[in-house]
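Keep in mind the model is a prediction, meaning the values are calculated, not measured.
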Amino acid sequence: VTFEVLGLPSVTTTLFCIGSSTNIRQVARVSEFVTCTYVVKDSIGNSIKATADDFPRPITVGATNVGNVSAIGGGTFMEVAMIAPNHISSAFSVTGVVLDPVANN
């Protein structure tokens, strides 16, 4: 049996979000589909592979239809989709959550 050994993601992991029509980071139009991407990193900032189980749904304000986090790029990135608020100037924020895989065993 062969295993792939994954890293331990940490709070150095970065998160950015892009609206589907603007294609600009941290900008979304009302009711638009927004994709947020985690760039998975270890405690010293190196890019690593992880599993989507290390990333629960983010904490959001104003978002609806927040999906589950899924691994892309072989686990070096995680992605989650949602819908932006339906009113201009509504509060809208996304805060990523990274579990400590060692503490959760």
Side-chain angles (χ1 to χ4, degrees):
V1 176
T2 303
F3 288 87
E4 179 177 13
V5 179
L6 302 177
L8 299 174
S10 77
V11 296
T12 64
T13 294
T14 57
L15 174 69
F16 66 90
C17 301
I18 296 177
S20 60
S21 69
T22 58
N23 217 14
I24 301 170
R25 288 185 184 195
Q26 313 316 98
V27 174
R29 299 197 188 276
V30 293
S31 302
E32 121 171 290
F33 184 80
V34 174
T35 301
C36 295
T37 303
Y38 293 89
V39 180
V40 183
K41 297 180 181 178
D42 65 14
S43 62
I44 57 173
N46 294 318
S47 291
I48 59 166
K49 289 184 177 183
T51 176
D53 292 338
D54 296 329
F55 297 86
R57 284 187 179 156
I59 300 166
T60 62
V61 174
T64 57
N65 297 343
V66 179
N68 291 320
V69 175
S70 59
I72 59 174
T76 56
F77 301 96
M78 301 294 155
E79 194 169 82
V80 61
M82 63 200 69
I83 304 295
N86 60 3
H87 292 95
I88 294 172
S89 300
S90 293
F92 183 33
S93 66
V94 181
T95 304
V97 179
V98 180
L99 295 178
D100 180 343
V102 175
N104 291 309
N105 285 330

Which other residues end up in the same hydrophobic cluster as Ile18, if Ile, Leu, Val, Met, Phe, Trp and Tyr are linked when side-chain heavy atoms come under 4.5 Å apart?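 ILVMFWY cluster around Ile18 also holds Phe16, Val39, Ile72, Phe77.
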Minimum side-chain heavy-atom gap [X]-[Y] below 4.5 Å:
X: Cys17; Y: Gln26; answer: yes
X: Lys41; Y: Asn46; answer: no
X: Val97; Y: Pro56; answer: yes
X: Val40; Y: Ile48; answer: yes

What pairs meet the ring-ring contact (aromatic ring centres under 6.0 Å, His included) rule with one or both residues in residues 33-70, with sequence neighbours excluded?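 Sorted pair list: Tyr38-Phe55.
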Under the side chain to side chain donor-acceptor pair (under 3.5 Å) test, residues paired with Ser20 that sit two or more places apart: Glu32
Pairs meeting criterion disulfide bond (SG atoms under 2.5 Å apart) with involvement of residues 37-71, two or more places apart: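 Disulfide bond (SG atoms under 2.5 Å apart) check on residues 37-71 returns no pairs.
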N/O donor to acceptor pairs below 3.5 angstrom from side-chain atoms of residues 78-94, sequence neighbours left out:
from  : atom 1 : to    : atom 2 : distance (Å)
Ser90 : OG     : His87 : O      : 2.8

Which atom pairs, donor and acceptor, lie under 3.5 Å between side-chain atoms of residues 1-10 and protein residues at least two apart or in another chain?
from  : atom 1 : to    : atom 2 : distance (Å)
Glu4  : OE2    : Lys49 : NZ     : 3.1
Ser10 : OG     : Thr12 : N      : 3.1
Ser10 : OG     : Thr12 : OG1    : 2.9
Ser10 : OG     : Asp42 : O      : 2.9
Ser10 : OG     : Ser43 : N      : 3.3

